[in-house]
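Chain letters run A, B, ... following the sequence lines, proteins first and then strands; every chain starts at 1.
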There are 2 protein chains.
Amino acid sequence: MNMMNDNLFEILAEPNRRTILDYLRVKECTVGEIVDLMPLSQPGVSKHLRILREAGLVSLRKEAQTHVYSLNARPLEEIHDWLEPYRKFWSNKLDDLERILDQDESS
Amino acid sequence: MNMMNDNLFEILAEPNRRTILDYLRVKECTVGEIVDLMPLSQPGVSKHLRILREAGLVSLRKEAQTHVYSLNARPLEEIHDWLEPYRKFWSNKLDDLERILDQDESS
DNA sequence: CAGAAATATAACTATAAAGTAATATATTGA
DNA sequence: TCAATATATTACTTTATAGTTATATTTCTG
């Protein structure tokens, strides 16, 4: 059930996929609802949903003929974790100042 | 000086680029040092460095014939910010604490 | 049970990106 | 100035991906 993500960044790199996640963050949606909100064909949306599903980022509940998708943000924690060792580079104002001074002569 | 990133996720989607950032997080490196550490040709590394530079993620200091690259993690804050509204979805005890603290700030 | 509605998959095309070899540019030092 | 060193750029090829149209699948409804 829990998929391992080969490259989550690659999945999130596609702007339409991030838009879909943004929609699902607000409320679960059927495929048709998403299609209506986006400049994409229905198969285009379905393809992105499949990729998001395989990444574990959304889950699907079949309700009659409609498929209701909902957000599963858990895998995004992987991004959060990747960011972790970089966080100190922007959270310390003194370090920032040092870095700005270092960069000044770069062309 | 401050570049606007068309799509930072796309830039980070490339595994070799993330590896380069990981190296630079530890210490600044010349192009040659990075080449020696990676299964890529020198032009390949230079191409990635250019992309990272244009994204504002690394900065360049020319030192004699060598070019010394260093990390500039600031643009990664954009990823952190994008993640923000999703954080509550993978809630665990730590995130619950964060949310409580956030509420305290806003009151 | 036939047709409609909703979604998924298949087959195909176009584009972008990553990789390479070859070459250009810049700096150092003999 | 010339050769060596370090890096960047160019030109090209290959591959992957996003998009499309057409079709298949599933489920409801009359």
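- Straight-line distance from the CG atom of N7(A) to the P atom of dA17(C): 15 Å, rounded to whole Å.
- Protein atom CG of N16(B) is 9 Å distant from nucleotide atom P of dA18(C), rounded to whole Å.
- The NE2-C1' distance, from H48(A) to dA8(C), rounds to 15 Å in whole Å.
- The backbone N or O of R74(A) lies less than 3.5 Å from no partner atom in the side chain of Y86(B), so there is not a single donor-acceptor pair.
- R53(A) forms no cation-pi arrangement with Y69(A), by the criterion of a distance under 6.0 Å to the ring centre and an angle within 45° of the ring axis.
- Counting to the nearest Å, the C1' atom of dA18(D) and the CG atom of L49(A) are 14 Å from each other.
- Picking from dG19(D), dA8(C), dT5(D) the nucleotide with the shortest atom distance to the side chain of E14(A) gives dG19(D).
- Here the CG atom belonging to L49(A) is positioned 11.0 Å from the CG atom belonging to L57(A), to the nearest 0.5 angstrom.
- Rounded to whole Å, atom P of dA16(D) lies 11 Å from atom CD of E10(A).
- Nucleic acid contact for T66(B): sugar-phosphate only, since backbone atoms but no base atoms lie under 4.0 Å from a heavy atom of the residue.
- Summarising the geometry, the separation between CD1 on I51(A) and P on dG19(D) is reported as 9 Å, rounded to the nearest angstrom.
- Regarding contacts with the backbone of dA8(D), every side-chain N or O of R50(B) stays at 4.0 angstrom or more from both OP1 and OP2.
- Closest approach of L60(B) to H67(B), counting heavy atoms only: CD1-CB, 3.2 Å.
- Close to dA8(C), at under 4.0 Å from its OP1 or OP2, lies a side-chain N or O of Y69(A).
- Distance I20(B) CD1 to dT7(D) C1': 14 Å, rounded to the nearest Å.
- Residue whose closest nucleotide on DNA chain D sits further toward the 5' end, between K47(A) and A64(A): K47(A).
- When each of I11(B), L71(B), N72(B), N16(B) is tested with L21(B) by the rule side chain to side chain contact (heavy atoms under 4.5 Å, CB included), just one qualifies, namely L71(B).
- Listed in residue order, the members of residues 23-43 of chain A having a heavy atom less than 4.0 Å from DNA chain D are L40(A), S41(A), P43(A).
- The distance from atom NZ of K62(A) to atom C1' of dT27(D) is 11 Å, rounded to the nearest whole Å.
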Indicate every side-chain donor-acceptor pair of residues 26-35 of chain A with a distance under 3.5 Å to a residue at least two apart or in another chain.
| residue | atom | partner | partner atom | Å |
| --- | --- | --- | --- | --- |
| K27(A) | NZ | E33(A) | OE1 | 3.3 |
| E28(A) | OE1 | R61(A) | NH1 | 3.1 |
| E28(A) | OE2 | R61(A) | NH1 | 3.2 |
| E28(A) | OE2 | R61(A) | NH2 | 3.0 |
| T30(A) | OG1 | E33(A) | N | 3.2 |
| E33(A) | OE1 | T30(A) | N | 2.8 |

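- Residues satisfying the side chain to side chain donor-acceptor pair (under 3.5 Å) criterion with H48(B), sequence neighbours excluded, are R17(B).
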